[in-house]
2 protein chains.
Amino acid sequence: MKKEIDNKLNLKNIKPTAMRQLVLQVLTEQKTAISLPELEQKFEKADKATLYRTLKTFQEHQLIHSIEDGSGSLRYALCEDFCTCEPEHLHVHFLCNKCGKTYCMKDLPVPQPDLPNGFEFSSANFVVKGICSNCKK
Amino acid sequence: MKKEIDNKLNLKNIKPTAMRQLVLQVLTEQKTAISLPELEQKFEKADKATLYRTLKTFQEHQLIHSIEDGSGSLRYALCEDFCTCEPEHLHVHFLCNKCGKTYCMKDLPVPQPDLPNGFEFSSANFVVKGICSNCKK
DNA sequence: ATAGTTCGTGCAACCGAGTTGCAAACTTAC
DNA sequence: GTAAGTTTGCAACTCGGTTGCACGAACTAT
């Protein structure tokens with residue numbers, strides 16, 4: 001729904017351009033996190049730099065979050081509607097060794113480990129690797 | 001001590017060449033994990049490819065482990081003497097946002113989260129980011 | 001010791017992800 | 001409509017990682 005897309009953009013104070021609508025559309029349809037190169041392939045005819053800057057804008061406005069899953073490229077996924085990307089909202093990600101997809105485990109919060117004295121927590125990246133339920137079958 | 005270096009290599013079934021001794025020496029002196037580009041700089045005159053392959057060899061023989069800390073390059077650190085890099089031996093890593101160093105939190109095991117049905121755990125990468133005790137002072 | 005094989009090293013080249021500069025196209029405010 | 005600001009597209013570049021190839025050292029069997 002085009003309305004919803006624009007809504008989301010407005011909600012996060014992002015000017016809705018054609019490009020941004022398209023990218024957000026794709027992101028919304030994705031069940032797993034997507035990388036810049038993967039996003040590039042979704043459009044037969046879009047510029048890498050533009051997509052790159054679009055993702056950057058989205059991230060700055062906390063519409064999406066990025067995941068370092070060690071696959072060689074950053075992956076991006078939609079944030080929950082009212083996510084502010086605070087440490088408390090961090091969740092675990094899962095990278096399937098077989099299909100290579102990265103899942104957001106939205107129900108699995110990242111535990112905050114007891115750091116040694118003097119170490120200050122500000123954020124975390126927790127990626128679990130293994131076989132996803134889809135590949136397991 | 002040259003003896004100890006050779007010992008470690010032998011223990012892991014790695015033929016001790018001059019190059020490997022030097023690299024292991026550097027790795028042993030490091031208190032924090034080191035990346036390939038950083039390692040390159042430690043030697044005024046060594047080939048990237050050779051260092052790359054040396055690290056690869058070390059990793060295959062479980063002398064070192066690699067950490068995806070999201071700094072843009074993989075970092076490497078020595079394993080504990082009898083580490084076999086099993087999930088149970090995984091520990092948390094800490095990336096300082098200020099000095100950029102990556103610490104092995106050897107005493108902080110990576111928790112194994114309750115994955116949804118059908119997802120199979122095989123390994124994990126848990127990087128905490130913040131300010132290290134050294135930069136905090 | 002010699003010839004043949006394997007293994008390690010160094011150089012060059014390449015790949016792919018990410019990033020930047022710049023100019024053209026488009027928006028917005030006046 | 002014009003000026004100022006924003007977004008886009010293209011090209012170029014950086015940098016980490018990786019590979020092919022050839023030379024040389026080390027190891028093996030005769």
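Order of the sequence lines fixes the chain letters, A, B, ..., with proteins taken first and strands second; residue numbering starts at 1 for each chain.
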query = Given C:dG18, C:dT9, D:dG17, which nucleotide is nearest the side-chain atoms of B:S73?
reply =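 Output: D:dG17.
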
Short heteroatom pairs, N/O only, protein and nucleotides 20-29 of chain D, under 3.5 Å:
unit_1: D:dG20; atom_1: O6; unit_2: B:R53; atom_2: NH2; d: 3.2

request  = Using a strict 4.0 Å threshold on nitrogen-to-oxygen distance, state whether B:K42 and B:E29 make a salt bridge.
outcome  =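 Salt bridge absent between B:K42 and B:E29.
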
Atom-pair distance ([atom1] on [X]; [atom2] on [N]), nearest Å:
X     : N      : atom1 : atom2 : answer
A:R75 : C:dG18 : CZ    : C1'   : 15 Å
B:L36 : D:dG17 : CG    : P     : 5 Å
B:E40 : C:dG10 : CD    : P     : 12 Å
A:R20 : D:dT6  : CZ    : P     : 11 Å
A:E68 : C:dG18 : CD    : C1'   : 14 Å
B:D47 : D:dG16 : CG    : C1'   : 14 Å
A:M19 : C:dC26 : CE    : C1'   : 15 Å
A:L55 : C:dT19 : CG    : P     : 11 Å

query = If you find the nucleotide of DNA chain D closest to B:Y76 and the one closest to A:A46, which residue's nucleotide is nearer the 5' end?
reply =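 On the 5' side of the pair lies A:A46.
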
Pairs flagged by side chain to side chain donor-acceptor pair (under 3.5 Å) wherever residues 93-105 of chain B is involved - sequence neighbours left out = A:S122-B:N97, B:H65-B:H93, B:D69-B:T102, B:R75-B:T102, B:H91-B:H93

inquiry  = Quick check on C:dG18: is either OP1 or OP2 less than 4.0 Å from any side-chain nitrogen or oxygen of A:Y52?
reply    = no

ask   = D:dT7 phosphate, OP1 or OP2: any side-chain N/O from A:T17 under 4.0 angstrom?
value = no

Heavy-atom pair of closest approach, residues A:V128 and A:F126 =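 Nearest heavy atoms, A:V128 then A:F126: CG2-CE2, 3.9 Å.
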
task = Can you sort out the partners of A:K106 under salt bridge (Lys or Arg N to Asp or Glu O under 4.0 Å), two or more places apart, ordered by chain and number?
result =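 So A:K106 forms a salt bridge (Lys or Arg N to Asp or Glu O under 4.0 Å) with A:E80.
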
message = If the condition is side-chain contact (heavy atoms from CB on, under 4.5 Å), which residues does A:I14 pass it with, not counting sequence neighbours?
response =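 Per chain and number, A:I14 pairs via side-chain contact (heavy atoms from CB on, under 4.5 Å) with A:L9, A:K12, A:R20, A:T57, A:F58, A:H61, A:L63.
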
ask   = Do any pairs count as a salt bridge (Lys or Arg N to Asp or Glu O under 4.0 Å) and have a residue in residues 110-122 of chain B, sequence neighbours left out, and if so which ones?
value =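 Found A:K136-B:E120.
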
key: ring-ring contact (aromatic ring centres under 6.0 Å, His included) contacts touching residues 8-30 of chain B (sequence neighbours left out)   = none

ask   = Under 3.5 Å, is there an N or O donor on one side and an acceptor on the other linking the side chain of B:K48 and the base of D:dG17?
value = yes

